[in-house]
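Remarks on the structure that follows.
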Amino acid sequence: MFTVALPLALAFIMFTLGMSLTPADFGFSLRRPHPLLAGVLCQVVLLPLVAFLLIRLFSLPGELGVGVLVLACCPGGITSNVMTRLARGDVALSISFTALASLITTITLPLILTVGGRALMGTALPAVSITGLGLKMFVMTTLPVLLGVLLRQRRQALTQRWERPCEQMANGLFVLILAITILSEWQTLIANLTSLGPVLLLLNLGMLAIGTAVAQILRLPASQVSAVAIESGFQNGTVGIAVGALLVGGSGPEMGLSAYSLPSGVYGVLMMITILPYLVWRRSIQAMADPSVIEG
């Protein structure tokens, strides 16, 4: 039942995000592509590189190292979009980058795993295709957002009346999903915290810092700094678990977390803890840049 309810809940959350956006929000991101390029630089280039260096620095065993590399190749996904919203960041930019990163990942993930996996394991890894995962992410993320935007365009009065109740329901669903995720992976977190904790914490905090720095160097507004940083340092652990299962011939996390999937499972809990202070900081920055956001 949960395997059906979870995608539906995630799709509803994204639909609610779309109800708060207009085509002009996405048009602005496309007309000024350097924020998107900053995100691509951080996530597609710097993130796997930093992950590989940390794997070498902490001498992680081959399969765990490959698991960290898998995680570093995953896009931010739904959670990063929600976190950007909570940080008062540019949600349209975050969603645009999630869509772009999901497409790029279909190429970069197999390529990086082919090269990095051989370097870490000393042998070739099984071929990985995430086309199916990319389609699933499109159905759960991009499509509901587009439907929400379309509803706002076609039925503006209806959208304005239901936007607030839907937002409250979406926030409640997100809290429920977060609680279930933490509880279900708690034993995994405790059992592997010593070996994986330092690497994953440094990866998460380091990429949040790098994403923030890159965006600030480009003189992006505060809302876009938040979006770029969160997309850089907040990866989709669910996709990482699924790809890790594919590497051992499984079909998903229901088969149990393999060594390839363990880093994504542990990270899924740790990142929820480390992101909270960053959200508080970015909300305060955005409030100073635009005091009107305090009401939201």
Side-chain angles (χ1 to χ4, degrees), residues 1-33 35-36 39-40 43 74-106 130-178 180-181 223-224 226-228 230-231 234-239 242 252 293 295-296:
M1 179 179 178
F2 184 69
T3 57
V4 176
L6 179 59
L8 291 176
L10 295 176
F12 178 76
I13 291 172
M14 297 307 295
F15 175 75
T16 304
L17 287 176
M19 289 173 64
S20 65
L21 301 172
T22 67
D25 295 320
F26 296 97
F28 179 78
S29 298
L30 295 176
R31 287 194 304 271
R32 299 185 61 190
L36 280 175
V40 170
Q43 189 175 66
C74 292
I78 296 170
T79 313
S80 66
N81 304 150
V82 176
M83 289 299 173
T84 299
R85 180 182 189 175
L86 294 176
R88 309 297 188 193
D90 189 331
V91 178
L93 174 62
S94 177
I95 294 173
S96 298
F97 183 71
T98 294
L100 178 61
S102 298
L103 294 175
I104 294 176
T105 297
T106 62
I130 61 169
T131 303
L133 288 173
L135 291 174
K136 289 178 181 178
M137 289 183 63
F138 175 82
V139 171
M140 288 191 299
T141 58
T142 308
L143 182 59
V145 168
L146 293 178
L147 291 175
V149 173
L150 180 63
L151 180 64
R152 182 184 180 93
Q153 289 294 107
R154 297 293 180 86
R155 297 288 188 271
Q156 187 170 2
L158 177 67
T159 303
Q160 289 176 346
R161 185 165 64 250
W162 284 100
E163 182 178 354
R164 187 63 177 174
C166 287
E167 180 181 341
Q168 293 173 341
M169 187 181 299
N171 290 337
L173 286 172
F174 178 73
V175 172
L176 179 62
I177 292 170
L178 173 59
I180 292 174
T181 300
S223 62
Q224 293 188 345
S226 299
V228 170
I230 291 173
E231 288 291 337
F234 210 84
Q235 309 316 306
N236 194 326
T238 303
V239 173
V293 303
E295 297 297 326

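Computed from a prediction, not measured in an experiment: that's the story for all the values here.
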* If you look at every heavy atom in I230 and S80, which pair is closest and at what distance? -> CG2-O, 3.7 Å
* Asked: Is there side-chain contact between R85 and V82, with heavy atoms separated by less than 4.5 Å?
  -> no
* Between the side chain of S96 and the main-chain N/O of A92, is any donor-acceptor distance below 3.5 Å? -> yes
* Asked: Just by modelled atom types, is the Q43 backbone N or O under 3.5 Å from a matching donor or acceptor in the E231 side chain?
  -> no
* How far does CD of Q168 sit from CZ of R164, to the nearest 0.5 angstrom? -> 5.0 Å
* Structure fact -> Residues at least two apart in sequence or cross-chain that pass side-chain contact (heavy atoms from CB on, under 4.5 Å) with L158, listed by chain then number, are L151, R155, R161, W162
* Any side-chain heavy-atom pair of V40 and F97 under 4.5 Å -> yes
* At their closest point, which heavy atom of V228 faces which heavy atom of P35, and how far apart are they? -> CG2-O, 3.8 Å
* Asked: C74 and Q235: which non-hydrogen atoms are nearest, and at how many Å?
  -> O-OE1, 2.6 Å
* **Exercise: identify the closest heavy-atom pair between G89 and S226** => CA-CB, 4.1 Å
* Which value, rounded to the nearest 0.5 Å, describes the distance between Q153 atom CD and T159 atom OG1? -> 9.0 Å
* **Q156 CD: over 12 foreign heavy atoms closer than 6.0 Å** => no
* State the OG1-CG distance between T84 and D90, to the nearest 0.5 angstrom. => 8.5 Å
